[in-house]
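In what follows, a single structure is set out as structure tokens and then discussed.
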Amino acid sequence: MPSAKCLAAQHAQPSPKLPPEVYLQAVDQADLAISITDLAANILFANESFTRVTGYTPGEVVGNNESMLSNRTTPREIYQSMWTALMEQRPWSGKLLNRKKSGQLYLAELTISPVVDAAGKTTHYLGMHRDITEFHRLEQMVRNQKALIESVVDAAPIAIALLDQKGRVLLDNQAYKKLVTDLRVAEPAHTLLDSVLGTWRTQLSDDIVTCVFENREARVDHRNGRPRWLSVTTSMIQIHSDSADNYFASSDQPGLLLVISDVTSLRAEQERARTAALQAAMAEEERTAALREGLSAAIFRLEEPMNVMASAVSILQRRDPSSADLLKHALSAGREHMESLRLVIPPSAPEMVFSVNLNELLRDVLEVCTPRLLRAGVVVDWHPAATLPPLLGRPLQLRMLFKALVDNAIEAMDTKGWKRRELTLATSVVRNCMVVTVTDSGPGIPAELRHRAFEPFFSAKTGASRHLGTGLSRAQQIVSDHGGIIDLDESPGGGCHVVVEFRLDGDPI
Ligand code: FAD
């Protein structure tokens with residue numbers, strides 16, 4: 001909009017090549033309702049578009065005040081700001097509610113410029129307006145729809161987040177914002193994608209279509225809380241650029257829309273049933289293992305007197321052949337019985353390799369051990385990594401491994417008069433390893449015995465509480481079957497600190 005002074009300057013030097021009637025024709029035929037008034041807003045001139053917009057012919061408006069167009073509902077302050085600007089020789093723009101000759105109301109977008117003479121005095125006002133009723137209706141419609149969509153999206157019980165190709169969240173809803181506090185993570189979308197699609201970052205920037213999937217469930221664990229199960233579905237949408245630079249160039253950017261629903265209660269039901277089945281399977285496996293180990297230990301211990309008998313036979317052979325023969329018979333009968341005993345040792349059933357989540361597995365173990373932990377008054381501190389990559393392994397074997405470690409810890413602390421009974425379980429990813437630690441506040445294993453703890457049939461306990469001592473050797477076997485390592489150390493509180501490490505790229509044997 002040219003300033004009043006600029007207009008005056010132009011009038012002072014009319015273009016020599018442009019005849020004056022061209023000015024009049026241009027104003028008259030312009031596609032904008034134009035009127036020129038005196039200083040009291042009395043109309044002196046109105047162009048053809050003015051008639052088209054208002055319905056009044058120039059004959060009907062000339063001599064009348066512009067207020068004839070007013071619907072008398074435009075707030076007083078608007079006119080006041082209009083006149084204040086005009087009195088200060090400033091142009092004014094705004095929206096007014098006008099009435100046409102037909103009585104129909106319309107929203108006018110009006111610009112008034114003071115016309116200033118060479119002496120700097122305002123002589124007239126130039127008014128230009130257009131009917132923006134339809135534009136306003138469409139604008140309101142878009143605004144209403146946006147508000148409606150926003151309130152529906154915000155009221156939805158599902159969390160929604162839209163990511164650009166760099167993984168930045170462009171849009172989210174209330175349920176998503178709540179996830180930030182509930183899960184205690186900076187960006188739930190990233191945490192969930194980490195869990196269900198490990199390589200999402202490169203896929204998102206290189207080939208976003210490969211990030212589209214339906215109903216993948218992610219488990220999010222946090223300290224001492226119950227896990228949350230979230231089902232994630234993604235879809236690709238085009239984000240249209242609203243920058244003027246891209247008006248003629250198509251620069252649509254694909255975005256990834258995440259729809260996240262909480263399926264925790266459903267999973268909790270399934271989990272309860274699964275835990276019961278698991279409990280039964282583990283109890284069965286424990287019974288069989290105890291039988292296997294009991295028989296193996298019996299054979300192992302019988303070997304010793306048999307060897308003594310075998311040496312006695314060779315000593316007696318020359319001195320007392322008949323006693324030697326008797327002993328030989330007894331020895332071979334004993335060996336036969338031992339062989340029959342060996343045959344009845346139940347073999348361990350082969351187990352398939354699956355992709356397992358260690359957090360989930362440890363939760364199962366804690367669930368199964370809960371009655372025993374409660375009975376022993378042990379307080380459990382559970383520190384899971386928020387998400388863990390999957391591990392290829394034998395789930396039952398791994399559960400037995402961690403159950404053995406938890407059982408050992410309970411047993412160490414569950415002694416008369418022992419006050420501090422704390423068990424800390426933690427998972428983490430350190431470099432290219434998944435690390436599980438089981439720490440108790442029991443008496444620990446003396447340093448001189450620690451290196452022997454993994455030997456078969458070794459037990460640090462004596463007397464009535466002494467048992468077979470195959471737990472840690474079996475645990476070590478399971479860990480090495482999974483390409484991992486297990487180590488024993490002393491916890492800062494003096495208890496036992498067991499560290500189990502699995503390589504992220506390690507395949508079980
Ligand atoms: P008014 O009595 O006219 O005045 C309302 C307020 O404006 C008062 O506070 C008064 O002090 C101040 N005011 C009025 N006239 C003057 C003046 N000459 N100098 C200083 N202050 C003044 N109005 C519309 O509703 N629709 C239009 O399309 C429209 N187009 C206009 C185009 C031009 C070029 C101009 C100059 C004005 C236009 N107006 C328009 C404004 C119109 O002239 C009236 O001021 C307005 O309609 C209010 O009228 P009113 O009778 O309710 O109140």
Side-chain angles (χ1 to χ4, degrees), residues 1-4 7 23-115 122 124-154 239-248:
M1 165 70 30
S3 78
L7 272 176
Y23 279 104
L24 190 63
Q25 279 162 2
V27 170
D28 215 14
Q29 291 163 24
D31 192 24
L32 197 63
I34 296 177
S35 58
I36 298 173
T37 73
D38 64 14
L39 296 185
N42 294 315
I43 302 172
L44 305 174
F45 165 83
N47 73 349
E48 287 167 15
S49 269
F50 191 94
T51 303
R52 238 189 342 268
V53 172
T54 65
Y56 293 109
T57 60
E60 289 169 313
V61 291
V62 170
N64 281 313
N65 194 281
E66 293 271 10
S67 63
M68 71 180 287
L69 297 176
S70 171
N71 181 53
R72 309 276 162 207
T73 47
T74 301
R76 218 98 205 103
E77 306 77 64
I78 292 190
Y79 293 126
Q80 268 157 13
S81 85
M82 169 200 290
W83 283 111
T84 304
L86 296 182
M87 302 298 281
E88 291 168 3
Q89 282 193 349
R90 283 187 290 114
W92 177 89
S93 291
K95 291 181 186 119
L96 306 172
L97 191 64
N98 277 359
R99 183 187 286 272
K100 296 187 181 190
K101 186 183 173 185
S102 63
Q104 190 193 343
L105 300 184
Y106 73 98
L107 191 67
E109 189 178 60
L110 170 69
T111 295
I112 306 173
S113 285
V115 180
T122 306
H124 299 86
Y125 292 120
L126 171 70
M128 292 166 283
H129 83 268
R130 61 192 181 112
D131 180 351
I132 58 157
T133 314
E134 184 58 12
F135 179 76
H136 173 73
R137 194 184 65 80
L138 292 174
E139 196 180 48
Q140 275 312 110
M141 211 167 84
V142 170
R143 227 177 254 156
N144 290 345
Q145 265 175 6
K146 187 170 174 275
L148 195 75
I149 291 168
E150 270 171 11
S151 52
V152 168
V153 165
D154 267 348
I239 306 165
H240 306 290
S241 169
D242 52 10
S243 147
D245 308 359
N246 299 316
Y247 185 76
F248 292 109

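Along the sequence shown, the residues carry numbers beginning at 1.
- Note that the CG atom of N144 and the CD1 atom of I149 stand 11.0 Å from one another [nearest 0.5 Å].
- Closest of all the heavy-atom pairs between G63 and N42 is O-OD1, 4.4 Å.
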Begin from the C-alpha positions of V115 and T122 and carry the test side-chain contact (heavy atoms from CB on, under 4.5 Å) through to its verdict. CA-CA 6 Å; V115 180; T122 306; 6.0 Å; no
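- Listed for the T111 side chain is no donor-acceptor partner under 3.5 Å among the backbone atoms of M128.
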Test side-chain contact (heavy atoms from CB on, under 4.5 Å) on I36 and L126 and set out the steps. CA-CA 5 Å; I36 298 173; L126 171 70; 3.8 Å; yes
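- Formation of a donor-acceptor pair under 3.5 Å by the Q140 side chain with backbone atoms of R137 is not found in this model.
- To the nearest 0.5 angstrom, R143 atom CZ is 12.0 Å from E150 atom CD.
- Going from atom CD of Q29 over to atom CG of L24 covers 9.0 Å, rounded to the nearest 0.5 Å.
- Relative ring orientation between Y125 and W83 is described as perpendicular, the plane-to-plane angle rising above 60° on a 0-90° scale split at 30° and 60°.
- Residue S35 holds its OG atom at 7.5 Å from CG of L110, rounded to the nearest 0.5 Å.
- Scanning for side-chain contact (heavy atoms from CB on, under 4.5 Å) contacts around S70 gives R72, Y79, with sequence neighbours left out.
- Scanning both residues, A85 and P91, for their nearest heavy atoms gives CB-O, 4.3 Å.
- Distance check: K101 NZ to L69 CG gives 12.5 Å after rounding to the nearest 0.5 Å.
- L86 has its side chain within reach of P114: a pair of non-hydrogen atoms, C-beta onward, lies under 4.5 Å apart.
- With hydrogens and angles ignored, the 3.5 Å screen pairs a side-chain donor or acceptor of T51 with a backbone N or O of Y56.
- By the side-chain contact (heavy atoms from CB on, under 4.5 Å) test, I78 pairs with T74, P75, W92, L96, sequence neighbours left out.
- Salt bridge R52/D31: present, at least one basic N to carboxylate O contact under 4.0 Å.
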Working for side-chain contact (heavy atoms from CB on, under 4.5 Å), residues T54 and K100: CA-CA 5 Å; T54 65; K100 296 187 181 190; 5.6 Å; no
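- Across all their heavy atoms, A46 and P58 have their closest contact at O-CG, 3.9 Å.
- If you take CD1 on I43 and OG on S67, they are separated by 8.5 Å, rounding to the nearest 0.5 Å.
- The only member of N98, D131, T133 that meets side chain to side chain donor-acceptor pair (under 3.5 Å) when paired with Y106 is N98.
- A donor-acceptor pair under 3.5 Å is formed between the side chain of N65 and the backbone N or O of A40.
- In terms of modelled atom types and a separation under 3.5 Å, the side chain of N47 and the main chain of V27 share a donor-acceptor contact.
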